[in-house]
Amino acid sequence: MIIRRFLHWARTAPVEGRIQAARALGRAYVQDVLGADETLLAEAAMTSLLDDPSADVRQALAEAIAASPRVPRHIITALCEDNAEVAAPVLALSPLLTTADLVDHAASHDSLVQSAVAARADLPAPVAAALAEVGGSDACAILVRNSDAVLTPSAMKRLVERHASHADVREALLERKDLPIHIQQSLVRAVAENLSSLVSGRKWMSKAHADVIAGRACEKATVTLASERAGQPDMPHLVRHLRETGQLTPALLLRALAAGNIDFFETVLSELSGLERSRISNLIRDGRSNGFAMLYRRVELPKSAYPAFRAAIDDLVMASTPADAIAAATQLRRRLSRMYEAQAAAGVSDFDPVQMLLRDLLAEAGRQSARLVADKVISMPSLTAA
C-alpha cells in the first residue's frame, strides 16, 4: 500500500520530497524489510525513478542502493549509464558489476567516472590495466593509492609512461612497496627527461646542457637505487631494463663501482657475459690471475677504461665498511683518486672521456664531503667563553 501511494505521489511531488522518498525507498529495499508483494512494487518504483527528471533524485537512489548485492541488475546498469554524479557511487561500490562492465566504464572520458572505478575494492587486474592505459591523471593517482587494486608491472610501466610528470601519480607510485625496481628506475629517468625539457623549453639553458645534467642526475639516482637494493633477487631485472633501454653505459658502471656497489657490477657482468654470478665473483676478486681482464674483454667494455675499473675493484676488495657518512665520503674520494691515477699511469689523456668523467665525479664527491663536514660542525654544541 505504501509503495502504491508513493508511485502516485511521486508524479506531482516537489523535488526535495522526491529526493527524500527515493533515499528512503532505496534503504528500505536494501534492508529487506518489505514483504514479497511490496518488494516487487519497490523494484517497479525504483525503476520508475530512473526516468525522474531530477538528477538529484536519481543520485539519492544510487547512493542508497549502490553497495547492495540484491538490487535488480537493470537498475544498476541504468544508473551506471546516467550522468557522472549519479553513476559514481554505483561504479565505486556495486558488487553486481562485472569486470567487463568496469573495463567499459574505465574508458569513459569523465574523470569522476574513472575515479569511481579506480577506487573500488578488489579491483581486478584487467580494470587496473584499462585505467593505466586510458585513465586521466587524477583517476590514475587514485588507482595507484588503492591498495586493493591488482596492479601488474606492465600496468605500472604504462602509468610511468603516461603520467610521470604528474606529481600525485609519481608520488603514489613511489609509495608503493610492490613497485618493481626497474619501474622505479623508469620513473627516475622520466622525471629527469621531463626536467630537462622544462629547463630547455624555458630557455634557462641549452638543450644539450640540460640533457647532460639530467643524464648525470639520472645516473646518480640509478646508482643509489641499485645500492639500496643490493643483494635483492630483483637486481637482474634492473640490469636487463637498463640494458634494453640503452642506459647500461661504462659511465654508469664506473659511478656504481666508485660508490662501492660491486653487487650491481657483478650482476651486470653476469648479464653481459652469460656466466653464473658465482663465477663472475671469483674472477673479479682473484687478484692473482688475469681472469678479470679476460672477462672485461669478453663483455666489450672500453679498453681505455680498464685501469679505472681494475683500481676500483682492488680498492673495494680491500675496503672496510665506513663508520659514518663522512668516512664513506672520504673513502669514495680516495677510490676515485686511485681510479684517476691508474688511468693517468696507463698513459690515458686528460681529454679522454673516462678521465673527464672521473674528474667530474671527484669534484662532486669533494662537494658532498665538504657539505657533510659543514653539517657536522653546525650540529655540534656551541662553545661559550669561560
Does the side chain of [X] reach to within under 4.5 Å of the side chain of [Y], using non-hydrogen atoms?
{"X": "Y296", "Y": "I284", "value": "no"}
{"X": "V71", "Y": "E43", "value": "no"}
{"X": "S137", "Y": "D168", "value": "no"}
{"X": "M294", "Y": "R298", "value": "no"}
{"X": "E63", "Y": "R27", "value": "no"}
{"X": "P180", "Y": "H237", "value": "no"}
{"X": "V150", "Y": "L123", "value": "no"}
{"X": "Y306", "Y": "L301", "value": "no"}

Could you walk me through whether R243 and L272 pass the side-chain contact (heavy atoms from CB on, under 4.5 Å) check? CA-CA 9 Å; R243 187 181 186 185; L272 295 178; 3.6 Å; yes
Treating Ile, Leu, Val, Met, Phe, Trp and Tyr as nodes and any side-chain heavy-atom pair under 4.5 angstrom as an edge, say whether [X] and [Y] lie in one connected cluster.
{"X": "L283", "Y": "V317", "result": "yes"}
{"X": "L143", "Y": "V134", "result": "no"}
{"X": "V169", "Y": "I142", "result": "no"}
{"X": "L179", "Y": "V160", "result": "yes"}
{"X": "V239", "Y": "V188", "result": "no"}

Can [X] and [Y] be counted as having a side-chain donor-acceptor contact under 3.5 angstrom?
{"X": "D352", "Y": "S349", "value": "no"}
{"X": "Q114", "Y": "S108", "value": "no"}
{"X": "T245", "Y": "Q247", "value": "yes"}
{"X": "R277", "Y": "T267", "value": "yes"}

In chain order, what residues pass the side-chain contact (heavy atoms from CB on, under 4.5 Å) check against T224, with sequence neighbours excluded?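 So T224 forms a side-chain contact (heavy atoms from CB on, under 4.5 Å) with E228.
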Could I get the full list of side-chain contact (heavy atoms from CB on, under 4.5 Å) partners for R359, not counting sequence neighbours?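 Partners of R359 by the side-chain contact (heavy atoms from CB on, under 4.5 Å) criterion, ordered by chain and then number, come out as Y340, D350, Q355, M356.
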Is it true that a side-chain atom of [X] and a backbone atom of [Y] form a donor plus acceptor pair closer than 3.5 Å?
{"X": "Y29", "Y": "R70", "result": "yes"}
{"X": "R255", "Y": "V223", "result": "no"}
{"X": "D110", "Y": "V113", "result": "yes"}
{"X": "E271", "Y": "P236", "result": "no"}
{"X": "S337", "Y": "R333", "result": "yes"}
{"X": "R338", "Y": "A312", "result": "no"}
{"X": "H166", "Y": "G136", "result": "no"}
{"X": "S369", "Y": "A365", "result": "no"}
{"X": "R18", "Y": "V57", "result": "no"}
{"X": "T77", "Y": "H74", "result": "yes"}

Residues that [X] engages under salt bridge (charged side-chain N to carboxylate O under 4.0 Å, His left out), provided they are two or more places apart:
{"X": "D324", "value": "none"}
{"X": "R334", "value": "D315"}
{"X": "E175", "value": "R145"}

Straight-line distance of [X] [atom1] to [Y] [atom2], nearest 0.5 Å:
{"X": "L248", "Y": "L253", "atom1": "CG", "atom2": "CG", "answer": "5.0 Å"}
{"X": "R23", "Y": "I65", "atom1": "CZ", "atom2": "CD1", "answer": "13.0 Å"}
{"X": "I181", "Y": "L225", "atom1": "CD1", "atom2": "CG", "answer": "4.5 Å"}
{"X": "M156", "Y": "L151", "atom1": "CE", "atom2": "CG", "answer": "5.0 Å"}
{"X": "L252", "Y": "F264", "atom1": "CG", "atom2": "CZ", "answer": "4.5 Å"}
{"X": "L25", "Y": "L49", "atom1": "CG", "atom2": "CG", "answer": "6.5 Å"}

Using a strict cut-off of less than 4.0 Å between a Lys/Arg side-chain nitrogen and an Asp/Glu carboxylate oxygen, indicate whether D148 and R120 qualify as a salt bridge.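 So D148 does not pair with R120 through a salt bridge.
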Answer yes if the ring centres of F309 and F265 are under 6.0 angstrom apart, and no otherwise.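 Centroid separation for F309 and F265: below 6.0 Å.
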Keeping to residues at least two apart or across chains, list the side-chain hydrogen bond (donor to acceptor under 3.5 Å, both in side chains) pairs with something in residues 122-136.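 Those involving residues 122-136 are E133-R158.
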Provide the closest heavy-atom pair for [X] versus [Y] in the form atom of the first, atom of the second, distance.
{"X": "V354", "Y": "A308", "value": "CG1-CB, 4.5 Å"}
{"X": "C80", "Y": "L91", "value": "SG-CD2, 3.7 Å"}
{"X": "L269", "Y": "V299", "value": "CD2-CG2, 3.9 Å"}
{"X": "P124", "Y": "T99", "value": "CG-OG1, 3.7 Å"}
{"X": "L131", "Y": "A106", "value": "CD2-CB, 3.7 Å"}
{"X": "M339", "Y": "A311", "value": "CA-CB, 4.0 Å"}

Passes side-chain contact (heavy atoms from CB on, under 4.5 Å), H182 versus R240? Steps please. CA-CA 9 Å; H182 62 286; R240 289 189 202 101; over 6 Å; no
Should L96 and D101 be marked as a side-chain contact (heavy atoms from CB on, under 4.5 Å) after you check the CA-CA gap, both sets of side-chain angles, and the distance that decides it? CA-CA 9 Å; L96 300 175; D101 293 330; over 6 Å; no
Run S270 and L275 through side-chain contact (heavy atoms from CB on, under 4.5 Å) and show every step you take. CA-CA 5 Å; S270 179; L275 297 177; 5.6 Å; no
Of D82, D51, D52, which meets salt bridge (charged side-chain N to carboxylate O under 4.0 Å, His left out) against R58?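 That would be D82.
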